[in-house]
Number of protein chains: 2
Amino acid sequence: MHSDRVASRSAEPKDSRESRNGGGPHLDAVSLAIIEQLQEDGRRPYAAIGKAVGLSEAAVRQRVQKLLDQGVMQIVAVTDPLTVGFRRQAMVGVNVEGDVESVADALSAMDECEYVVMTAGSFDLMVEIVCEDDDHLLEVINRRIRAVPGVRSTESFVYLKLKKQTYMWGTR
Amino acid sequence: MHSDRVASRSAEPKDSRESRNGGGPHLDAVSLAIIEQLQEDGRRPYAAIGKAVGLSEAAVRQRVQKLLDQGVMQIVAVTDPLTVGFRRQAMVGVNVEGDVESVADALSAMDECEYVVMTAGSFDLMVEIVCEDDDHLLEVINRRIRAVPGVRSTESFVYLKLKKQTYMWGTR
DNA sequence: CCCAAGTCTGCGAAATCCGCAAACATCAAC
DNA sequence: GTTGATGTTTGCGGATTTCGCAGACTTGGG
């Protein structure tokens, strides 16, 4: 009945990508394929995913639940706040003296910071912020962010127009 | 039977936020509330959303479908590629001479560019790129991006660690 | 060999999704 | 005020999906 499924599952040896995985949980090729499916359509039924990756509906459901619980992925609606029409948005490059990670944690705790990443280059941190209006933007950048201990300097890039936004790194 | 619903719907006057909306389609307060619900959980049932925003299941379903068709929002699985374990990621600031938008279009056409935004500040464009490995990263930055006509210079910020990633601007 | 932990499958019940026709609201034209 | 066109909402079946659970299978010790 399902002889076609046996071949595709656990056929390949442990993927080399797993060993390169940093701290995160282990993800085999099947879980990657499931994520790929959900990157195309976050509401795709479990049965359809199962058919695509070679697993039963229940097995897909269990894997997805675990991936969500572990925080490996999240299934959400994404928009362009500028298009939705009531926010000011900017990317802020931050230079830090002392412990970068603690500064990153402090910025992550702020509601207005939607995206915080540690980087190599002329900035130590890149932070994307979403604000109500210009006043709010000004306050967040000049008062709140620069007030964090360890922040040496910042440089702002106010968003004019979002041109592309995808989440399909898996499908190439 | 559903007297509770009547009060909450279309009670408030046309929201001021609508008028500030740029080019995008008109979004009333109900659609905003629907998006908000799906930002918390992209798989939340239509009936549950309807109860939260004061609409029938079918009405929510039609609105969601339209928002997806119009490209106002997308429901997808999002991950941290670095955690998933097999990519190099970087933010690239780009300076342009001539038409910025055409350069943005050219970069948007590249698979490796996941996020392209036009900005005000010392960069004209900010581009987030996802690559297989260091070689791929090097090729994309130094050969592909700089080869685009109009690109004057670039500056790269290789990702070391993603600290925060949320999509809940609506829920504050 | 046997047990424990983890994963997958199959299945029945409950909940959800989907398409459709009718009701309703809005608005411009007459 | 009436009429009609347009767009949205509702309620309803039937098809589909989700959900919980028990049993089977695999793996890796002790």
Side-chain angles (χ1 to χ4, degrees), chain A residues 1-15 18-19 21 24-35 37-38 40-77, chain B residues 1-15 18-19 21 24-35 37-38 40-77:
Chain A
M1 181 200 286
H2 37 65
S3 57
D4 55 328
R5 194 186 303 146
V6 189
S8 59
R9 176 159 51 95
S10 75
E12 40 208 338
K14 283 184 174 263
D15 198 327
E18 294 181 38
S19 55
N21 185 335
H26 290 293
L27 295 183
D28 60 13
V30 178
S31 288
L32 265 316
I34 290 174
I35 294 175
Q37 293 288 316
L38 290 170
E40 293 177 13
D41 176 6
R43 272 182 170 262
R44 184 162 297 168
Y46 295 131
I49 298 173
K51 201 161 305 184
V53 307
L55 231 53
S56 70
E57 175 270 337
V60 172
R61 177 156 39 91
Q62 287 171 162
R63 287 213 186 208
V64 168
Q65 192 56 54
K66 195 162 79 167
L67 289 171
L68 294 173
D69 291 342
Q70 289 175 153
V72 174
M73 74 171 178
Q74 40 185 334
I75 300 177
V76 293
Chain B
M1 181 200 286
H2 38 62
S3 57
D4 55 329
R5 193 188 302 146
V6 189
S8 59
R9 176 159 50 97
S10 73
E12 41 209 337
K14 284 184 175 261
D15 197 328
E18 294 181 39
S19 54
N21 186 336
H26 289 293
L27 294 183
D28 60 12
V30 179
S31 288
L32 264 316
I34 291 174
I35 294 175
Q37 293 287 318
L38 290 170
E40 294 178 11
D41 176 6
R43 272 180 171 263
R44 184 163 297 169
Y46 295 131
I49 298 173
K51 200 161 306 183
V53 307
L55 231 54
S56 71
E57 177 268 342
V60 172
R61 176 156 39 90
Q62 286 173 165
R63 286 213 186 208
V64 168
Q65 192 56 54
K66 194 161 78 165
L67 289 171
L68 294 173
D69 291 342
Q70 289 175 154
V72 174
M73 73 170 179
Q74 40 185 333
I75 301 176
V76 294

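We name chains A, B, ... by the order of the sequence lines, and we start the count at 1 in each one.
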Using the 3.5 Å cut-off, write out each protein N or O paired with an N or O of nucleotides 6-8 of chain D and the distance between them.
| residue | atom | partner | partner atom | Å |
| --- | --- | --- | --- | --- |
| D/dT8 | OP1 | B/Lys66 | NZ | 2.7 |

Min side-chain heavy-atom separation A/Leu68-A/Ile75 under 4.5 Å:
yes
In this structure, how many angstroms lie between the C1' atom of C/dG6 and the CD atom of A/Gln65, rounded?
17 Å
Look at the side-chain N and O atoms of B/Arg43 and state whether any lies under 4.0 Å from the OP1 or OP2 oxygen of D/dT18.
yes
For A/Glu57 and C/dG10, give me the distance from atom CD to atom C1', rounded to whole Å.
10 Å
Can any side-chain N or O of B/Arg43 pair as donor or acceptor with the backbone N or O of A/Arg44 at less than 3.5 Å?
yes
Which atom pair, heavy atoms only, marks the closest approach of A/Glu57 to A/Ala47?
CG-N, 3.9 Å
Given the options B/Gln62, B/Arg63, B/Gln70, B/Lys66 meets side-chain contact (heavy atoms from CB on, under 4.5 Å) only with B/Gln70
If only side-chain N and O atoms count, and only distance matters, is there a donor-acceptor pair under 3.5 Å linking A/Gln65 with A/Asp69?
yes
Whole-Å distance between C/dT9 P and A/Lys51 NZ?
14 Å
For A/Tyr46 and D/dT17, give me the distance from atom OH to atom P, rounded to whole Å.
13 Å
I need the CG-C1' distance between B/Asp41 and D/dT18, as an integer number of Å.
13 Å
What integer distance in Å separates A/Ile49:CD1 from D/dT17:P?
11 Å
Please tell me which of the listed nucleotides, C/dG19, C/dT16, D/dC19, lies nearest to the side chain of B/Pro45?
C/dT16
A/Arg61 has an atom CZ; how far is it from atom P of C/dT7, in whole Å?
15 Å
Would you check if A/Val64 and A/Ile35 make a side-chain contact, meaning some heavy-atom pair closer than 4.5 Å?
no
